[in-house]
Each structure stands twice: as C-alpha cells, then as structure tokens.
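Beneath this line is the structure, given in structure tokens, with notes to follow.
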Amino acid sequence: MVSTVGPIAVLALRPEPGNVREARQAVARAAGAAGAPPDRVGDLMVAVSEACTNAIESHVAAEDPTPVAVQVLREEAELVVLIEDHGHGFDPAGRPPRPPVGDPEHLRIERGWGIELMQALVDQLSFERTALGMKVRLVIDVPPM
C-alpha cells in the first residue's frame, strides 16, 4: 500500500498564459523540498509547463474564468503533480498519429508535441476526464521517505 503524505503545494492558477511560470516555480520548490534530484526537477518543470499551458488554453477556449488547479503530492517514492482544468477535454487515445521520424512531415508539425514531451520527461503520465474538464497526472520517482 502506498502511503500519501499529502499535498505539499496547492495552486489556483488564473487561466492566463503568464501564470505558467508561477506553476513551474512552485512545483520546482516543492520537488526540491521533496528530495527530487535537480535533473528530475528540471524535467518536471518542463512537463508542468506543457500541462499548464494546455489547461490554460482549454480554459480560455471554454471561456471559463475559474482557476486551473495545480497540486503537488508526496507519496513514498513518488512526487505527483495534478493539473485540473475546466475545459472541454480531449481523448488522448483519439489523437491522430504522428508521421514517422524519417518522414519530412514529422518536422513540419508545429504544435501538439506536448504529450510526447511529457511522456519522455516523467515516469508516469495519465489523463482523466472529470465532471468539469480534464485532470493530468505527472509522476516522477523520488527517493523513498
């Protein structure tokens, strides 16, 4: 059974692009305090930037002025970041496939790299449709407590 220590950081982020920095900084402080190695803190900051940018864009598209919720939890050997929006949501499995790496079209795609980037940077990534929108769960492994 996993023991959850509980939230070590909670943010209510106004859905404005400039506020992504606030989320990155808060998560970096919490991750460092939770014992995450500096290189993993950097990885997590980039993943949080992607997830928060998507959440804010989703809020704006839905014309929802309520805050994006960001929460950092410390579990025994994991640091979990939850980002919850009130947007329209999406089906992660329903995204069109990317062209293969050798295909010239692969490099012409300007947007939509966030999920692949987050997958590469964290140990676990999941998406959950909620009654209000979407919840993204980012997890990195940290030394056990």
Side-chain angles (χ1 to χ4, degrees), residues 2 4-99 101 103-143 145:
V2 175
T4 301
V5 172
I8 57 175
V10 177
L11 285 159
L13 213 57
R14 285 188 328 269
E16 299 167 4
N19 292 333
V20 172
R21 179 175 179 225
E22 179 184 345
R24 265 195 324 266
Q25 291 173 339
V27 170
R29 283 190 303 273
D39 61 326
R40 296 312 320 266
V41 172
D43 291 346
L44 188 58
M45 286 175 65
V46 174
V48 164
S49 288
E50 289 294 325
C52 285
T53 297
N54 292 346
I56 288 170
E57 286 179 357
S58 192
H59 264 247
V60 170
E63 298 180 359
D64 189 321
T66 60
V68 171
V70 180
Q71 190 173 25
V72 183
L73 306 166
R74 175 64 153 97
E75 296 181 351
E76 289 213 13
E78 295 177 336
L79 189 69
V80 179
V81 180
L82 303 173
I83 299 156
E84 192 165 1
D85 68 54
H86 296 177
H88 299 301
F90 72 103
D91 176 11
R95 295 180 347 222
R98 292 222 175 262
V101 174
D103 185 328
E105 288 301 312
H106 183 79
L107 295 176
R108 291 192 183 108
I109 297 172
E110 298 271 336
R111 290 188 44 97
W113 291 97
I115 291 175
E116 286 82 2
L117 182 59
M118 287 185 282
Q119 285 173 324
L121 293 171
V122 299
D123 297 309
Q124 296 173 43
L125 171 66
S126 62
F127 301 91
E128 175 188 344
R129 187 178 289 277
T130 68
L132 298 174
M134 292 294 288
K135 183 186 293 186
V136 177
R137 185 175 187 266
L138 306 166
V139 180
I140 61 168
D141 297 333
V142 292
M145 300 177 349

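Since the structure is predicted, the reported quantities are computational estimates derived from the model, not experimental observations.
A30 approaches I8 most closely through the heavy-atom pair O-CD1, 3.6 Å. Among all heavy-atom pairs drawn from S49 and V20, the shortest one is CA-CG1, 3.7 Å. When every heavy atom of L121 is checked against every heavy atom of I140, the shortest pair comes out as O-CG2, 4.5 Å. Considering all non-hydrogen atoms of both residues, H88 and S58 come closest at N-OG, 3.5 Å. Closest approach of A28 and M45 over heavy atoms only: CB-SD, 3.4 Å. Across R74 and P143, no two heavy atoms sit closer than the pair NH2-O, 2.8 Å.
Using modelled atom types and a 3.5 Å distance limit, the side chains of E78 and Q124 yield a donor-acceptor pair. For the residue pair S126 / R137, no side-chain donor-acceptor distance below 3.5 Å is found, with atom types taken as modelled.
Atom CZ of R14 has 12 or fewer neighbouring heavy atoms from other residues, nucleotides or ligands inside a 6.0 Å radius.
Residues I83 and K135 are not in side-chain contact: their nearest non-hydrogen atoms beyond the backbone lie 4.5 Å or more apart. A heavy-atom distance below 4.5 Å is not found between the side chains of V81 and Q71. Using a 4.5 Å heavy-atom threshold, the side chains of L82 and V70 count as separate. Side-chain contact between E16 and I56 is absent, with no heavy-atom pair separated by less than 4.5 Å.
Taken from CD in E76 to CG in D141, the straight-line distance is 13.0 Å, to the nearest 0.5 Å. Taking CG from L132 and CG from D85, the interatomic distance works out to 9.5 Å, rounded to the nearest 0.5 Å. Taking CG from L125 and CG from L117, the interatomic distance works out to 10.5 Å, rounded to the nearest 0.5 Å.
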Decide yes or no on side-chain contact (heavy atoms from CB on, under 4.5 Å) for L79 and L73, but give the supporting numbers first. CA-CA 6 Å; L79 189 69; L73 306 166; over 6 Å; no
Begin from the C-alpha positions of F127 and M134 and carry the test side-chain contact (heavy atoms from CB on, under 4.5 Å) through to its verdict. CA-CA 7 Å; F127 301 91; M134 292 294 288; 3.9 Å; yes
Determine, step by step, whether E22 and N19 satisfy the side-chain contact (heavy atoms from CB on, under 4.5 Å) criterion, reporting the C-alpha distance in whole Å, the side-chain angles of both residues, the deciding distance to 0.1 Å, and the verdict. CA-CA 5 Å; E22 179 184 345; N19 292 333; 4.1 Å; yes
Residue pair R40, V142: steps toward the side-chain contact (heavy atoms from CB on, under 4.5 Å) verdict: CA-CA 9 Å; R40 296 312 320 266; V142 292; over 6 Å; no
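Screening L13, V68, N54 for a side chain to side chain contact (heavy atoms under 4.5 Å, CB included) involving H59 leaves a single residue, V68.
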